[in-house]
Amino acid sequence: MAVAEIIVDVPTMQTNRPFEYLIPDSLSDVVVPGMRVEVPFGRGKRKIQGFVMQVKATSDFQGKLKPISRVIDLKPVLSDEMLQLSYWLADRTYSFQISCLQTMLPSVMRAKYKQYVIPLDNEDTEVQTLLDGKETLEITNQLDDATIRLINKLRQNNKIDIQYVVENQALQIKRQAVTTNLNVIQLHEAKSKLRANAKSQIKLLDFLAHHLEELPVELNVLQKEFGISRSAIKTAEKNQLLQITEVTKLRKPVGIDPEKTTKLKLTEEQRVAVSEISDAIQSETPQTFLVEGVTGSGKTEVYLQTIEKALQQDKTALMLVPEISLTPQMVNRVVGRFGNQVAVLHSGLSSGERYDEWTRIENHDVKVVVGARSAVFAPLNKIGLIIIDEEHEASYKQDDNPRYNARDVALWRAQMNHCPVVLGSATPSLESRARAEKGVYRLIRMKKRINNQNLPHVQIVDMRDAENSATKGDFSPALKEGLQTTLQRHEQAIVLLNRRGYSSFMMCRECGFVLKCPNCDVSLTYHKDLGKMKCHYCGHEEPVPRVCPNCKSKKIGFYGTGTQNIEQQLNTLFPEARVLRMDVDTTRRKGSHAKILQKFGQHQADILLGTQMIAKGLDFPDVTLVGVINADTTLSLADFRASERTFQLLTQVSGRAGRADKTGHVVIQTFNPDHYAIKDAAKQDYETFFKQEMYIRHQANYTPYYFTTLISVANKDEGQTLKQSYWLKKQLETSLSKDAILLGPSPTMISRKQNKYYYQIIVKYKHEPQLHQKLLEILNETQADAKKGFTIAIDNEPQHID
Ligand code: ADP
Ligand code: ZN
Ligand code: ZN
């Protein structure tokens, strides 16, 4: 009997390797790698799930192997590439291989679902026997092996297909619709009997007469697109001119069918970029390109034309974008070019919709996938190009297990598929830009905006000035004036309230001073439970200052206003202006994000007020003013990337102004007007920022000069957590060289959540060949302690430390 190597669904270190099981003869051609099976595990009768990793003729195992109980999938759900990837991913992220395998599947397949046989060839006699006169057959564990074998054979011969349907989830959505059993002549007769002033009834009957072929039409569509009111429909129903029925609305992720677009004539900078990348696609070179292009330099057109190149070569393309910029605007640009060859994966989809898209990709019905982080696992094959837009975005890193960075996964897949990767950004991450400096990545710069449009004019407003600190509220005279002018000209404005790192740091409103750690060059954070200022990196603590250590002013304190408060201020200042607010509260409902943007895009509002989520990717021609209420919050994040994040945010948001023919104007309010991150962002000068920031990172031993690993320990008992942390630190000390820097243990920002205490240790290092192995060992050892309530998490290259 053949043998299968299986990764079982028991996430512990001891089971984090394949186990061998016999493949019963009755399932001999059925079991293949990438399929999920059920196997007995342990002593009792317990049955668990597992992934088949490999099938081989014999085993070296001395003892007695148990047989596979049954197959769960009737076709592999993961390709060989994905199985390979899971080994690498588990190792790199210090996570269980089973979690990695599951992460690659759409959530539907992790939930409770049913499987059905869908006939493709109804004439086939074996298909007829199998279905026995029914439309479909549910696959259950009651089926005998012979039937399973038949199903498998028919599937391989394309006579049937297998479909997954989530339990308790409506596959199709029901909607109310209007139809009529009258014909055209009857409708006209009915119309002639109406009074002349029954305008809405006449309109409705006209509509029905003209659209008889297309009935039933959804009630919603009648109301929204044809302006026919619900009461008019009700009246007509009462008079038996129409009937209301239910229709099933097919799932379709992209709401509107975008207009078809064609290739634009490239600028010289775009032409060079497209040509270099195309060469790599053609020659199947896994080269990584860093496209550093100022906002509005036309990076998207470069993406689109290189994708086209890949398709011409009969290959596929994968494009990752941050979730937040996965707006209809962005999606429409890709779908507008490649139509139904595109699958879109984003968190706004229901799990059923996601599964549909996943299936289309798996069936090779689509050639282009656009999606957020987890789309990097899309089951595309023959990938010819991978694009990561806004490559600097922290959201490409997953915060939970497995803590992977989609950028690293993309590079791995590019090696496998022999294809180039394009990292695009106006503000590349320091890591990527430094790699380009060293020649690891190929740097392509696009310095000009399309049509040589000017960059927006940026004004930095010093909030420490008497004039500004004297005003009540959060709007300086300069920003008020700017808004006034914009409104008078009937143009639009975007106002950003920067909320990251809010109210956890202290700043002096007199001189802009922020309390920093004497050792680590990061801001100290206020810990409420301790009533102290603390450093997340090294644990240094000091009392909360009462006066500013710099200027002795008493105006030092926590600093922060909410978006609602700013909205009220706007309403008071400009009662005639229409304000749209976009923050976590107004975008909680599915689709509301897109709706707000659509409304603003149609100029149904004058001011868009929002948090970070409005900073990116928006391209509205009427926006001529961007105002930043508070540039300082990101700057004071207790994170060594604080300056980088500030520079990125300000550059991105400034890039929203003046994208069409009108010149843009940006007002940045800050207490730190001389900070290089703010000055360079005002000039959209990435290169100068890069040099300055690299110098500082070098001085303070941070990325990209050092690698960083964050290890956190959690336990219900604080004393135990500390004890464990110190044990861990000692373990590390003995195995690391003198060049490595160990910081901590220190409590995390929220040192206590869900009744557990969290402490962390930071390892900074350049070259520590022992470290990886040591960390795996530590993980292994602490597994035994897991029962006592210990958990340990290892984060390679964390994106934020809090
Ligand atoms: P980026 O992503 O670099 O900020 P976009 O791709 O959004 O820039 O391009 C900015 C604008 O310029 C868009 O409206 C786009 O349609 C337009 N554009 C891009 N390339 C060209 C071109 N070659 N000719 C004319 N317009 C272009
Ligand atoms: Zn001060
Ligand atoms: Zn410190």
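Residue numbers count from 1 along this sequence. Both counts, for ligands and for their atoms, begin at 1 and track the order of listing. Remember, it's a predicted structure, so these values are computed and weren't measured experimentally.
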(request) Using 2.8 Å as a strict upper limit, say whether an N, O or S atom of Cys520 approaches the Zn ion (ligand 3) that closely. (result) yes
(request) Please write down residue, atom name and distance for the protein heavy atom closest to atom 22 (C) of ligand 1. (result) Lys265 O, 3.6 Å
(message) Students should be able to answer this: which protein heavy-atom is nearest to atom 13 (C) of ligand 1, and at what distance?
(response) Asp619 OD2, 3.6 Å
(request) Using atom types as modelled and distance alone, determine if a side-chain donor or acceptor of Lys534 lies under 3.5 Å from a backbone N or O of Glu542. (result) no
(request) Between Thr300 and ligand 1, find which residue part has any heavy-atom pair under 4.0 Å and reply side chain, backbone, both or neither. (result) both
(message) Please state which option from Gly293, Ser297, Gly298 has its nearest heavy atom closest to atom 9 (O) of ligand 1.
(response) Gly298
(request) Compute the minimum heavy-atom distance from Val302 to ligand 1 and say whether it is under 4.0 Å. (result) no
(request) Before signing off on this row, confirm whether Thr295 and ligand 1 have an N or O atom pair separated by under 3.5 Å. (result) no
(message) To check your reading of the model: name the closest protein heavy atom to atom 27 (C) of ligand 1, its residue, and the distance in Å.
(response) Leu264 CD1, 3.4 Å
(message) Given the Zn ion (ligand 2) as the apex, I'd like the angle to SG of Cys548 and SG of Cys551, rounded to 10 degrees.
(response) 110°
(request) For the residue pair Phe689 and Phe647, categorise the inter-ring angle as parallel (less than 30°), tilted (30 to 60°) or perpendicular (more than 60°). (result) parallel
(request) Would you tell me which option among Arg271, Glu301, Arg333 has the nearest heavy-atom contact to atom 5 (P) of ligand 1? (result) Arg333
(message) I'd like to check whether Gly296 has a polar contact with ligand 1, where a contact means an N/O of the residue lying under 3.5 Å from an N/O of the ligand.
(response) yes
(request) Indicate the ring-plane relationship of Tyr702 and Tyr537, choosing parallel, tilted or perpendicular according to the 30° and 60° boundaries. (result) perpendicular
(request) Provide, to 0.1 Å, the distance between atom 26 (N) of ligand 1 and the closest protein heavy atom, together with that atom's residue and name. (result) Ile450 CG2, 3.6 Å
